[in-house]
*Asks:* 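Following this message is one structure expressed as C-alpha cells.
By convention here, the first residue in the shown sequence is residue 1. What you are looking at is a predicted structure, and each value in this text was computed from that prediction instead of being measured.
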Amino acid sequence: MLKTKTDLSALNERQQDAVTSDEKRLLVLAGAGSGKTQTLIQKLIYLIDDKGVNSSNILAITFTRNAANEMVDRLIISSDETKEYQSLIADKNKSKSEKELIRNSYKKKNKWVENLTIKTFHSLCYGVLRNYGANEFDNKFRIISEDKKPDDDEFSKYTAPETVFEVFYKTLIELCDNNQYLLDLKRYILDYVIDKIHLENYHQSSVPKDGRHFTSLNGEKVWSKSEQYIADWLYRHNIPYQYEPLLNVKDFDFHPDFYIPDANLYIEHVSKKSYPTKDKEEQFRKGKLLLVKTFEPMTADSALFNLTLDKIVKNRLPENFNQNRTLSFKEELNRYLEDVKKFLGLVVQVTDFIKVENTEINSILEKSQQDQHERIRTFYKLAIPIIEKYIGYCTNKSYLDFNDLISRTISLLKNQTDIKHQLQKTFKFILVDEFQDVNNLQVELIKLLLTDDTQLFCVGDDWQSIYGFRGSNVNYIVDFEKHFPKSKTVILNLNYRSTQNIVGASNEVIKHNKFKIEKELSALKVSENKIVVFAGTQEDENIDFCYEVVQELLNDGFQHDDILFLYRRSKMFDSYYRRFKSEGIKVQGKTIHSAKGLEAKVVFIIGLTEGSGGFPDIWLMDRIFQVIKKADYDLLMEEERRLFYVAITRAKDKLYLITEKGNGSSFLNEIPDNFKIKSSSDSGSIMNKIETCNVCSRQLENIWIVCPYCGTKINH
C-alpha cells in the first residue's frame with residue numbers, strides 16, 4: 001500500500017486504491033452502503049494533503065444542494081479537532097438558515113474548504129454564466145422555475161417575477177388571437193382531454209345515456225366524428241345551425257341531422273350507423289323542403305369534404321352573409337380552463353424532455369407529423385408554436401430555466417474557446433458524485449471541461465440508477481469506457497450498512513437485470529434476522545401487522561427515527577399514516593425515489609403487489625413522449641427492479657416486505673427462501689408469525705423443533 005500523509009486506515013483496500021489512483025479517467029463503482037461518500041471525501045483530502053493540489057483547482061459536482069452541503073460538512077469535520085462544528089451542524093433545534101450561516105463561518109476559517117468548488121450542475125453553470133457568459137447571454141439573467149422562489153437560496157436573488165407555467169399560459173393566449181389556432185386547440189381539448197376519444201372503451205363509462213360522445217366546437221354532443229366535423233365546419237364559418245331539430249312535415253315526427261336557417265337547408269349525414277332515410281326523404285318531398293345528403297366515405301378526404309360542404313352550404317347563403325368573426329380565448333375556452341391547463345402541463349413536460357435530451361425542436365415537429373395517430377400529430381402542431389414562442393419570450397426577458405443553465409453553458413464553451421480553456425486550466429481535477437444519474441446535457445458539459453491532463457473521478461452505482469423518467473441515462477455508467485476512453489474502474493463491494501441477509505437478497509434481486517455491470521456485494525454485518533414477508537388478506541391486516549411490529553420495536557428501545565416506511569407511490573401510505581397518527585406514532589414515510597441516500601435500522605416496504613397500483617409499476621409514458629425518446633419496456637422494468645434494490649438496501653438491521661395474499665409482487669419471488677421468512681394472517685395472532693427464541697431472541701422458522709442457535713426446544 002502506498003504510504004500517504006492522509007490517514008487512510010479507516011478505508012478498505014479497494015477504497016484506498018480509488019483514493020490514491022492517479023488514473024486520468026476513473027470510475028468508482030460503489031455498491032449500496034459501501035462507503036461512497038467517505039471515499040469521495042478522502043479523495044479530496046488526499047489530493048490536497050498528499051498531492052499538493054491547490055483546492056481552487058478542484059471541482060466536485062453533486063446532484064443536490066444537500067449533498068454539496070454534506071460534503072462541505074464532512075470536510076470541515078475532518079479537520080475540526082474540537083468536534084464543535086459537528087455538534088452545531090447536527091443540532092435539530094437550529095434552522096436551515098442558521099446552519100448555513102454556521103457553515104459559511106467555518107468555511108472562512110478553513111480556506112482550503114472555501115476555495116474548493118463544490119457545486120450542483122445547475123449551480124456550477126449559474127456561476128459560469130454569471131461570470132463569463134456575457135458573450136452568450138445576458139449575464140444579469142434571472143432564473144425562471146416552477147415556483148417564484150427556487151429551493152436553492154443561491155438563485156433567489158435573481159428569480160424571475162413569473163413562473164414557467166405563467167409564461168406558457170400567457171404565450172398560449174397570445175397564439176389564440178389567431179382564430180384557426182384557437183379552434184384547433186379547442187378541438188384537441190374536447191377530443192383528447194375531455195371526451196378522450198383515443199382511449200379504448202372509455203365511452204362505455206363516460207358518455208351520456210343517449211350515446212352521443214363527440215363534442216362539437218359549440219359544446220354540443222353529437223353521435224359521430226363525421227357529424228362533429230360538419231358541426232365544426234359550420235361553427236368555424238360562423239354559420240348558425242340546429243342539430244337534430246324536431247320536425248313534423250305531415251305524417252310523423254323526426255329529427256334531421258342539421259338545419260341551417262340562413263340557407264333554409266337540411267343536411268342528412270348517412271353512415272353505416274344511420275337509420276334508413278327513405279321515409280324521411282318522402283316527408284321532405286311532400287313539404288318541398290331542401291335536403292342534401294352527405295356520406296361517410298366523403299369524410300376520408302378532409303379537403304374534399306370541405307369542398308363538398310362549401311358547395312352545399314355557401315352558395316345558398318345570402319349575399320351579405322358574414323362568415324368571418326373574431327373569436328376570443330375567454331369566450332371559447334372559459335368552460336374548459338382546467339382542461340386547458342392539463343394540456344399546457346403536458347406541453348411544459350415535453351419542453352423539459354426536449355431540453356434534457358438536447359434535441360432540435362424542428363426535428364421533433366417533423367418526426368411527430370409522421371406519426372400514425374392524429375392525436376400525436378395534432379398535439380405537436382399545437383405545442384411546437386407554444387414552445388418556440390416560450391423560448392423567444394424567455395430570451396427576450398433574459399430568463400433561463402434550469403435546463404437552459406446547462407445548455408447555455410455548453411453553448412458558451414463551444415463558441416468561446418477562451419472561456420473553455422480558462423475553465424479547463426482552473427479545474428484540473430473533476431469529481432462527480434452519483435454518476436449513474438447523469439443525463440445527455442450533463443455528460444456533454446463534463447466532456448467540454450476535460451483535457452488529456454484532467455483527472456476525472458466519477459463515483460456511482462449502476463444498480464441504483466432510478467431517474468430514467470426525468471432523463472438520466474444509465475448507459476453512461478455501464479459503458480463508461482466507451483464514453484471516456486482509457487478509463488479504469490474500481491469496484492467497492494463491501495457493504496457496511498446492512499446485514500448479510502439483506503445484502504444477499506439485494507444481490508439476488510438485481511441479478512435479474514441484464515443491463516448492468518457484474519459485481520457481488522458482501523456484508524460486513526452478520527445477523528440472524530431474516531427478511532420478513534407479510535401477506536395480509538386486506539390492507540387493514542397489513543396495517544395492523546405493521547402497527548404491532550412498530551409498537552414492539554419502540555418498546556425494545558428503537559427510536560421513531562430508526563424506522564422508515566418506503567413505497568412506490570405516495571397514496572400507498574395514506575391509510576398507514578392515518579392509523580399511526582391516530583395512535584400517536586410519528587413513522588418516517590417516503591417514496592423510494594426521495595429516500596435514495598437515506599438509511600434506517602428498520603425498513604418497511606409496503607404496497608408490494610402485482611399489477612396496476614403495485615410495485616413494479618411500469619409507467620409507459622404517453623406516446624406523445626415517444627416522439628422525443630422511444631420507451632423500452634424491458635429497460636423500464638429493469639429500472640423498477642433497481643428501485644426495489646434501492647429500497648431494500650436502505651435497511652440496516654431489519655427489513656419487512658408487506659404484500660397481499662395471492663397477489664404478491666413478482667420481485668418477492670426473486671428473493672431466495674434462505675434470506676426470508678414468509679408470514680400471513682391465516683392462523684392465529686399476526687405477531688406469532690414472526691417467532692423468536694425465548695432464550696436467544698433470534699428469528700425461528702416454523703419447521704424448526706429446536707433453536708439451531710442455542711439448542712432451546714421450541715414450543716410452536
Side-chain angles (χ1 to χ4, degrees), residues 172 176 179-237 241 243-244 255 257-258 267-275 294-306 308-309 327 329 332-347 349-350 368-384 386 612 619-627 631:
L172 180 67
C176 286
N179 280 4
Q180 182 69 39
Y181 185 92
L182 173 59
L183 292 179
D184 286 348
L185 172 65
K186 187 176 182 181
R187 175 76 277 135
Y188 180 92
I189 296 294
L190 292 171
D191 276 353
Y192 302 116
V193 183
I194 296 173
D195 290 342
K196 295 181 172 65
I197 63 171
H198 59 297
L199 296 184
E200 185 180 4
N201 298 325
Y202 177 81
H203 302 304
Q204 270 72 10
S205 60
S206 63
V207 299
K209 291 181 180 179
D210 63 8
R212 301 178 187 180
H213 51 246
F214 293 92
T215 309
S216 62
L217 285 174
N218 71 352
E220 194 170 35
K221 291 286 186 181
V222 298
W223 289 97
S224 67
K225 189 70 177 169
S226 300
E227 289 187 345
Q228 182 194 68
Y229 192 97
I230 296 170
D232 286 357
W233 187 91
L234 294 168
Y235 190 82
R236 287 173 185 273
H237 289 84
Y241 68 91
Y243 179 67
E244 292 196 334
H255 295 273
D257 290 334
F258 294 92
I267 297 177
E268 192 73 28
H269 184 70
V270 181
S271 69
K272 291 180 180 179
K273 297 180 180 179
S274 300
Y275 293 106
T294 58
F295 298 90
E296 190 71 18
M298 293 178 176
T299 64
D301 186 330
S302 58
L304 180 61
F305 198 40
N306 278 339
T308 301
L309 291 173
L327 303 176
F329 176 87
E332 293 298 319
L333 293 170
N334 199 44
R335 293 169 56 190
Y336 312 113
L337 289 182
E338 289 306 310
D339 302 294
V340 170
K341 289 177 182 178
K342 289 178 185 177
F343 161 77
L344 206 51
L346 195 57
V347 177
Q349 286 182 274
V350 163
S368 71
Q369 297 313 296
Q370 307 304 314
D371 196 273
Q372 61 185 316
H373 302 293
E374 181 183 53
R375 179 176 73 95
I376 310 303
R377 299 193 300 272
T378 304
F379 173 84
Y380 277 99
K381 279 182 181 177
L382 293 166
I384 294 299
I386 301 173
S612 178
W619 181 50
L620 281 170
M621 289 190 295
D622 192 314
R623 185 180 173 89
I624 281 170
F625 292 96
Q626 314 304 312
V627 172

*Asks:* For the residue pair Tyr241 and Asn218, confirm or rule out a side-chain donor-acceptor distance under 3.5 Å.
*Replies:* yes

*Asks:* Would you say the side-chain atoms of Tyr229 pair up with the backbone N or O of Asn306, donor to acceptor, closer than 3.5 Å?
*Replies:*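 Checking the backbone N and O of Asn306 against the side chain of Tyr229, no donor-acceptor pair under 3.5 Å is found.
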
*Asks:* Measuring from Gln228:CD to Thr299:OG1, what's the distance to the nearest 0.5 Å?
*Replies:*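 With rounding to 0.5 Å, CD (Gln228) is 11.5 Å from OG1 (Thr299).
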
*Asks:* To the nearest 0.5 Å, what is the distance between CG (Leu327) and CD (Glu332)?
*Replies:* 5.0 Å

*Asks:* Give the minimum heavy-atom separation between Gly219 and Tyr336, together with the two atoms involved.
*Replies:*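 Of all heavy-atom pairs spanning Gly219 and Tyr336, the closest is CA-OH, 3.8 Å.
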
*Asks:* Taking the side chain from Asp184 and the backbone from Leu382, do they hold a donor-acceptor pair closer than 3.5 Å?
*Replies:*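 Answer holds: no.
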
*Asks:* Does either side chain, that of Tyr188 or that of Asp339, offer a donor lying less than 3.5 Å from an acceptor on the other one?
*Replies:*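 Asp339 and Tyr188 do not have a side-chain donor-acceptor pair below 3.5 Å.
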
*Asks:* Taking the six-membered ring for Trp, are the ring centroids of Phe343 and Phe379 within less than 6.0 Å of each other?
*Replies:* yes

*Asks:* Within this structure, what is the CG-CZ distance for the pair Asp191 and Phe214, rounded to the nearest 0.5 Å?
*Replies:*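 Those atoms lie 8.0 Å apart.
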
*Asks:* Identify the two heavy atoms, one from Val347 and one from Ala383, that lie closest to each other, and give their separation to 0.1 Å.
*Replies:*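 Closest heavy-atom pair between Val347 and Ala383: CG2-CB, 4.1 Å.
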
*Asks:* Which atoms form the tightest heavy-atom contact between Ser271 and Glu296, and what is the distance?
*Replies:* CB-OE1, 3.5 Å

*Asks:* For residues 369-376, which side-chain donor-acceptor pairs fall under 3.5 Å, sequence neighbours excluded?
*Replies:*
| residue | atom | partner | partner atom | Å |
| --- | --- | --- | --- | --- |
| Gln369 | NE2 | Arg377 | O | 3.1 |
| Asp371 | OD1 | His373 | N | 2.9 |
| Asp371 | OD1 | Arg623 | NE | 3.3 |
| Asp371 | OD2 | Arg623 | NE | 3.0 |
| Asp371 | OD2 | Arg623 | NH2 | 3.0 |
| Glu374 | OE1 | Tyr192 | OH | 3.1 |
| Arg375 | NH1 | Asp622 | OD1 | 3.3 |
| Arg375 | NH1 | Asp622 | OD2 | 3.2 |
| Arg375 | NH2 | Asp622 | OD1 | 3.0 |

*Asks:* Is there a side-chain contact between Lys221 and Tyr243, using heavy atoms and a 4.5 Å cut-off?
*Replies:* no

*Asks:* Taking the side chain as C-beta and beyond, is there a heavy-atom pair between Trp223 and Asp257 under 4.5 Å?
*Replies:* no

*Asks:* Spell out, as yes or no, whether a donor-acceptor pair under 3.5 Å connects the side chain of Gln626 to the backbone of Ala631.
*Replies:*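 Yes; judged by distance alone, with no hydrogens or angles, the pair exists.
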
*Asks:* Measuring only between side-chain heavy atoms, which start at C-beta, is Leu333 closer than 4.5 Å to Leu185?
*Replies:* yes

*Asks:* Evaluate the side-chain proximity of Lys186 to Leu190: yes if any heavy-atom separation is below 4.5 Å, no if none is.
*Replies:* yes

*Asks:* Roughly how far apart are Thr294 OG1 and Ile230 CD1, rounded to 0.5 Å?
*Replies:* 4.0 Å

*Asks:* Nearest 0.5 angstrom please: Asp301 CG to Thr308 OG1, how far?
*Replies:* 9.0 Å

*Asks:* Measuring from atom CD1 of Ile189 to atom CZ of Arg335, what distance do you get when rounded to the nearest 0.5 angstrom?
*Replies:* 13.5 Å

